[in-house]
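The basis for the numbers below is simple: all heavy atoms, side chains too, and nothing from hydrogens, waters or symmetry mates. Order of listing sets the numbers, starting from 1, for every ligand and every atom in it. None of these values were measured; they are calculated from a predicted model.
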Amino acid sequence: MAQVPAQKYFLGFFIIFQVILGYHTSSSADCQGISSEVTCTCDDFGHCERGTVQVDPWLQNTLRTQMDVQLDLPFNYVQFLDAHNSYNTRPYGYLYGANDTCLWPPPYNPSLCTGIANQEFSLTDLLNMGIRAIELDNWYCEDEMRIAHLGSTIDQECNSGHVLFSEPVAEIGAWLDDHEGEFVRIYMNEKYDQGNDGEVNGPFERYLGDRVLTPANLRNDYNNEWPTLRTMREDGKDVVIAHIATAGTGDFYLHQGKFIHPGYWKDKKQNEFSNYPQCGGKNSTNALRFYSDSTHFLFENDYIDGPTRVGIMESFSEFIKCGIQFPAGDQVHPQLMETAVYTWAKGEPATPITDSTSCIMLSGTDNRWYTPTDCNQELYYACQNVINTEDWTLSVSVGSYDVNTQACPNGFRFSLPQNGFQHQKMLEGIDNADVWLNVAPLLDDYQPPVLPTIAPTEGGAQAVTAVISGVVLAAASALFIL
Ligand SMILES: *[C@@H]1O[C@H](CO)[C@@H](O)[C@H](O)[C@H]1NC(C)=O
Ligand SMILES: *[C@@H]1O[C@H](CO)[C@@H](O)[C@H](O)[C@H]1NC(C)=O
């Protein structure tokens, strides 16, 4: 994985940079609320200025690994950490909650406070923390497309003080230019048809351009099936933009379908979620976004309270374990992002992952990943059923680290979990043992096995079982085991 050595240099540079910064900005005294819990430079309202939040490189690298393990999943199965109403964030000024008085987390004290923002940090900082799903509400007024949090209960009108729609799009484009190999999904939450297609498509064209996997690409290049992230990466596509049909009308606002797809997921409130294994209705085939709501404001003599009406997310961990595609949190901050981690232990990988001799051990004690210094110690291997991918077991014998091990039972292959849900299934199948994990899918030159298609969940696996012949199965397992 070529990016690892680069990230190591970046880490060293970052630490030096942090030390220098540490002596020149001690502005945290002026920071308010959540901004006072991170290191950053604050604006006059006490919120971190765009791009100034210092994020732990370990967290960044770990969440990057959690995207990389998903490279061979089709786009619509991939888990993205999502920031609900990402654009409705305090660094954009008082129309976006810079003057909010509610102190996070709820229940709010005093209860007669105002909290109109959903986020504390800029898009750049959210992306730096590991958010990969961005949400934009676009409204047209005063001759421009803008972003604004408006609607029936929000007592505000679109006006010339609202930020232009092109700003967040440019911000995302600039971030992607600086961060190779990342993927971003943009959710256009357009509430009513705003028309003015050019005002939407123009900024997408200008700031994202060929990065976007367009509806035409999906039709012409991928036969209307979502490609895997690995295929997208090879094809230079790292952005997908979608709109979800408006409740009631069922209308999609696709602005001629030049960039925007009709969305493939269903939106649900946080308080409709239930922990693993119920998972709020998540099953093998559906795609779900669960959203929270931190807002609290006066409307027609009553306070509307998001935390009780919709719920808040204090942790991402159950959503990740359930395979939820889009857990959309409010007031996203580094500690919340850390709750999404299921892979590297703190400080890991202690040894960079460079090639197929780099070994990864899952600790049966804390269920986290390590790069042990001794790759020759004898451990079991994590084995995944090639047909029913949710079925994991231990190898029949122990051995030293070997990507080509033949120690898995027939029909199983030495593997690496493809997301948080598969990681959970693996833990259930290996009985708290320390096991080797297959490093191969994280390497740049990895060729994913062609047979059979990796079905992320049981229903899909059954479909694969139905079409696969015994001969193909034998060939497939031979291919995996050799
Ligand atoms: C924001 O709050 C400050 C302090 O309460 C106040 O002086 C200022 O007028 C407020 N600004 C807006 C635009 O509401
Ligand atoms: C999964 O859930 C959806 C509703 O979200 C339902 O329409 C679909 O039939 C379910 N699929 C399976 C395989 O249970």
S.K.: Going by the order shown, which atoms of ligand 2 are within less than 4.0 Å of some heavy atom of S284?
M.R.: 13 (C)

S.K.: Of all the atoms in ligand 2, which lie at a distance below 4.0 Å from a heavy atom belonging to N283?
M.R.: 1 (C), 2 (O), 3 (C), 8 (C), 10 (C), 11 (N), 12 (C), 14 (O)

S.K.: N/O of N286 under 3.5 Å from N/O of ligand 2, yes or no?
M.R.: yes

S.K.: Is NZ or CZ of R185 both nearer than 6.0 Å to the six-membered ring centre of F326 and within 45° of the ring axis?
M.R.: yes

S.K.: Judging by distance only, is a nitrogen or oxygen of T285 under 3.5 angstrom from one on ligand 2?
M.R.: yes

S.K.: Only one of W265, F183, F80, Y222 clears ring-ring contact (aromatic ring centres under 6.0 Å, His included) with F75; which?
M.R.: F80

S.K.: With side chains defined as the heavy atoms from C-beta onward, is the minimum distance between L73 and L229 less than 4.5 Å?
M.R.: no

S.K.: Go through the steps to decide whether H296 and Y303 satisfy the test ring-ring contact (aromatic ring centres under 6.0 Å, His included), and finish with yes or no.
M.R.: CA-CA 7 Å; H296 182 89; Y303 273 90; 4.9 Å; yes

